[in-house]
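All chains are named by letter (A, B, ...) in the order of the sequence lines, taking the proteins before the strands, and each is independently numbered beginning at 1.
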Amino acid sequence: MNAPSPKVLLIEDEKQIRRFVRVAVEEEGCQVSEAETMAQGLIDAGLRKPDLLILDLGLPDGNGIDLIRDLRGWSDVPILILSARSQENDKIDALDAGADDYLTKPFSVGELRARVRALLRRRSRSGEAAAPVVEFGAVAVDLSRRVVSRAGTEVHLTPIEYRLLATLLGHPGKVLTQRNLLREIWGPSYVESSHYLRVYVGHLRQKLEDDPTQPKYFLTETGVGYRFQP
Amino acid sequence: MIDEGNLSLLTVERFKPWQRVLLTATACSATTLLATPLLGHLDLANIVMLFLLTVLLIAVSLGRSAAVLAAVLSVLLFDIFFVPPRFSLAVSNIQYVVTFAVMLTTALIVGQLAAGLKQKALEAQVREQATQALYEVARQLAGTIALEQVIDIARQFIHVQLNADSAILLKDNHDAATGPASLAFRIEPHLAQVAQDSGQLVRDSEIAGSGYASHYLPLRASMRTRGVLAVAFPADSIDLPPANLALLEALASLIAIAVERLHYVDVAHATQLDMVSERLRSSLLSALSHDLRTPLTALVGLADSLFLIKPTLPAPALETAQAMHEQAARLAGLVGNLLDMARLNAGNVTLRREWQPLEEVIGASIKLLGSALEAHPIRVALPADLPLLEFDAVLIERVFCNLLENAAKYAPAGTNVEITANQLADCVEIRVCDHGPGFPAGNLSALFEMFARGHGDSGKPGTGLGLAICRAIVEAHGGEIHAENRDEGGACLRFTLPKGVPPVLEEEGA
């Protein structure tokens, strides 16, 4: 039963932040290794094959986005970004480059542990075949039959609404940038037409959320994108 | 050199009329004197040739009218001194009348042709020199880097070429032509304004030479009229030949191009400066933000990590850890507010405006505040037909967060906070209202000043930046924000966002 404990690589230049992140992640039963610089981090990522990467975007020796792109060439390890709030565009670029989630500084240990848990869970599940039916709240989505029901009654979705729903469900817990979603669902020529995305997410909320003004499942990451929170 | 060229048109008139008459008469008399001793040796026909030669020379050197005079004089002198009977106008042989007639006609024609050719040659020379001078001035103007240089060059040119004074009146930002303060002549501002507005040459010969500038040429450039060139001629050369007017107009075009070029150099320079200072400011703020947040992040996280220590710390220690976490988080909020205010106050806030539904940003704000709103249920009631609005989601989220946070801070636990919106003619008005004690009586707009605290001694934590940030953000979006107390009690903040024209949403095909 004793699965090997997941390996987490932490790339962060600030010693005190590394200290408490290590404590928090170890509490989740992980083995933590640390790197202080981008260069060291990239080497460690190759050597240790971690199950999760925690990356500070404000490293002194280079652009974290390059590291993500580089890494994504040969690895699909989940990446959690730590960033300061003034780096909205960096966050988007990092997510577009392939990062999975982000935390804005300062963050609490509780939030950090929740994100780490979610990312590791998704990783361990990624080997399994995707379940044909996804359920959240009173909603059940049968991906094989393309049927959506809420509290037992079928809900009619337009083709675009369904595509949007399926895309969001395909990445539970992951932040999907506007750009990403627009390209995926409407095509490359729509990447600047963010109002389409917003209106259609609104439709999904109207049809599937209990209180569309205070959504619980289809969450807005303001200025960045959306996240499906099962 | 140039001086001579410029005046060469006038060489014909180098002598005053009476001088020319005198010279002509002298020349004809001299020819008579010269020819008299030859009378016995030469045929009269050859003496006629000598007179014709004289007329030709006079025509070339003294011009058209002198040539006519010389022609008539020559015929008379020839008759009196050479044709028998000499020393009388009478003619013995009638055939000499033909000689006179032919002589007069030939002299007149030769004179006219010679004088005409001479004048043409002179004019061509003047034109060439003017072209040369214009070319030279264009070259100089192309190298200018300041308006003063343009003005100097133009002034110099007009002084040398036309012997006139000039001034350039530039149109300043207030659309009035303004000129240099001290001038040797006076300017009629009304005429300058007419030239500026009409884009046409304005001249008033009445006031020429009276110490006023008489010619006002608009400086027409490709984008607009950049100003007026005023020229004042001295009292003795009031009549301006058309060639000189053309010269002035060509000069005005050159000046206009130079002024416009300098204007765009300035614009480009200012834009570059703006960009540099904008980049500097934003990199300064993000460095500051990073440096302030890093220790705060460590503080919050380290306080939290005390809870994870095994064996578990005693309760008082954990309470202290919790308090440290809260204080550090508050400090982080404060730093965030200060940095936001600095960014908003620095001017030129770059808004990332996108068209979006209002309800989404409200939902995101509520979600972001999370447990801070636990004790205050939020009721959102938006009209179903609310259009998409164009705003910066991150900033408007900040407005809602600040307003909701305030409401939760001051209203008693368990009371609702309401968010409503309604459409006005050209904007949407949004209200965030609570059931708290309301704002203290007094000047409600002062609440939006920086570091203003509505409940000064209420003991609630806060910096008085929240509403100031809200106002800065709303105003950057072209809206307004106001505070008021509801009749039934409770505080209400309402702000507007302009409606604009939302983009068309293509209907989804089946």
Side-chain angles (χ1 to χ4, degrees), chain A residues 13-24 26-27 56 58 82-90 103-113 158-161 178 186 192-202 205-206 209 211-216 218-224 226, chain B residues 282 285-286 288-290 292-309 325 328-329 331-332 336 339-340 343 352 354-357 359-368 378-382 388 390 392-398 419 502-503 505-506 508-510:
Chain A
D13 59 324
E14 192 61 34
K15 187 172 168 228
Q16 297 304 329
I17 294 180
R18 282 206 307 273
R19 208 172 112 186
F20 85 79
V21 170
R22 168 189 274 277
V23 171
E26 278 174 351
E27 194 66 19
D56 176 21
L82 307 180
S83 84
R85 199 161 61 86
S86 61
Q87 301 168 320
E88 216 83 66
N89 285 325
D90 290 356
L103 271 175
T104 303
K105 292 179 181 178
F107 49 86
S108 73
V109 163
E111 286 174 278
L112 172 65
R113 289 175 62 182
T158 67
I160 286 186
E161 286 166 7
Q178 290 182 13
W186 279 272
E192 301 302 329
S193 315
S194 64
H195 56 283
Y196 276 88
L197 179 59
R198 295 196 150 107
V199 166
Y200 276 88
V201 170
R205 286 178 179 151
Q206 293 287 346
E209 291 273 5
D211 181 355
T213 57
Q214 297 181 43
K216 271 161 61 187
F218 302 103
L219 304 183
T220 311
E221 298 288 335
T222 304
V224 177
Y226 294 95
Chain B
S282 99
L285 280 173
S286 66
L288 200 60
S289 163
H290 178 262
L292 289 172
R293 262 175 233 275
T294 302
L296 284 171
T297 306
L299 210 54
V300 169
L302 289 171
D304 280 357
S305 67
L306 290 177
F307 285 87
L308 303 177
I309 288 177
H325 172 107
L331 195 54
L339 289 173
D340 278 352
R343 200 169 285 139
R352 283 181 40 202
E354 286 177 354
W355 290 97
Q356 48 201 309
E359 61 173 23
E360 178 163 276
V361 72
I362 295 177
S365 312
I366 296 170
K367 174 84 184 157
L368 197 70
I378 313 289
R379 300 267 169 269
V380 184
L382 302 179
L388 295 185
E390 193 183 29
D392 183 320
V394 175
L395 292 179
I396 294 297
E397 179 183 82
R398 191 111 183 87
I419 302 179
L505 209 63
E506 280 170 42
E508 190 179 340

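Only the side chain of Gln178(A) comes within contact range of chain B, with at least one heavy atom under 4.5 Å from a heavy atom of that chain. Of the two parts of Glu397(B), only the side chain, counted from C-beta on, holds a non-hydrogen atom closer than 4.5 Å to a non-hydrogen atom of chain A. Only the side chain of Leu219(A) comes within contact range of chain B, with heavy atoms under 4.5 Å apart. Proximity to chain B (any heavy atom under 4.5 Å) is shown, for Glu209(A), by neither the backbone nor the side chain. Looking at Phe218(A), neither its backbone nor its side chain comes within 4.5 Å of chain B, counting heavy atoms on both sides. The parts of Leu302(B) that come within reach of chain A are both its backbone and its side chain, each placing non-hydrogen atoms under 4.5 angstrom from that chain. No part of Arg22(A) comes within reach of chain B, as not one of its non-hydrogen atoms sits under 4.5 angstrom from that chain. If you measure heavy-atom distances from Ile366(B) to chain A, the contacts under 4.5 Å come from the side chain alone. For chain B, the nearby part of Val201(A) is the side chain; its heavy atoms alone come within less than 4.5 Å. Heavy atoms closer than 4.5 Å to chain B are found nowhere in Arg18(A), neither backbone nor side chain.
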*Using the side-chain contact (heavy atoms from CB on, under 4.5 Å) rule, take Phe107(A) and Lys105(A) through it: C-alpha gap first, then chi angles, then the decisive distance, then the call.*
CA-CA 5 Å; Phe107(A) 49 86; Lys105(A) 292 179 181 178; 4.0 Å; yes
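Put simply, of Ile396(B), Leu395(B), Ile378(B), the one with the most heavy-atom pairs under 4.5 Å next to chain A is Ile378(B). Of the listed residues Glu360(B), Glu390(B), Glu359(B), the one with more heavy-atom pairs under 4.5 angstrom with chain A than any other is Glu360(B). Between chain A and the residues Leu308(B), Leu306(B), Thr294(B), the largest count of heavy-atom pairs under 4.5 Å involves Leu308(B).
Closest heavy-atom contact between Pro357(B) and Arg198(A): CD-CB, 3.7 Å. Shown here for Val300(B) and Pro106(A), the closest heavy-atom pair between the two residues is CG2-CB, 4.1 Å. Nearest heavy atom pair, residue Leu296(B) against residue Ala332(B), reads CD1-CA, 3.6 Å. His325(B) approaches Ser108(A) most closely through the heavy-atom pair CE1-CB, 3.6 Å. Taking all atoms of both residues into account, the shortest heavy-atom contact from His195(A) to Trp355(B) is CB-O, 3.4 Å. Shown here for Arg113(A) and Ala24(A), the closest heavy-atom pair between the two residues is CG-O, 3.8 Å.
A donor-acceptor pair shorter than 3.5 Å can be found between the side chains of Glu354(B) and Ser194(A).
In this structure, Lys15(A) and Arg19(A) have side chains that are not in contact, with every pair of non-hydrogen atoms separated by 4.5 Å or more.
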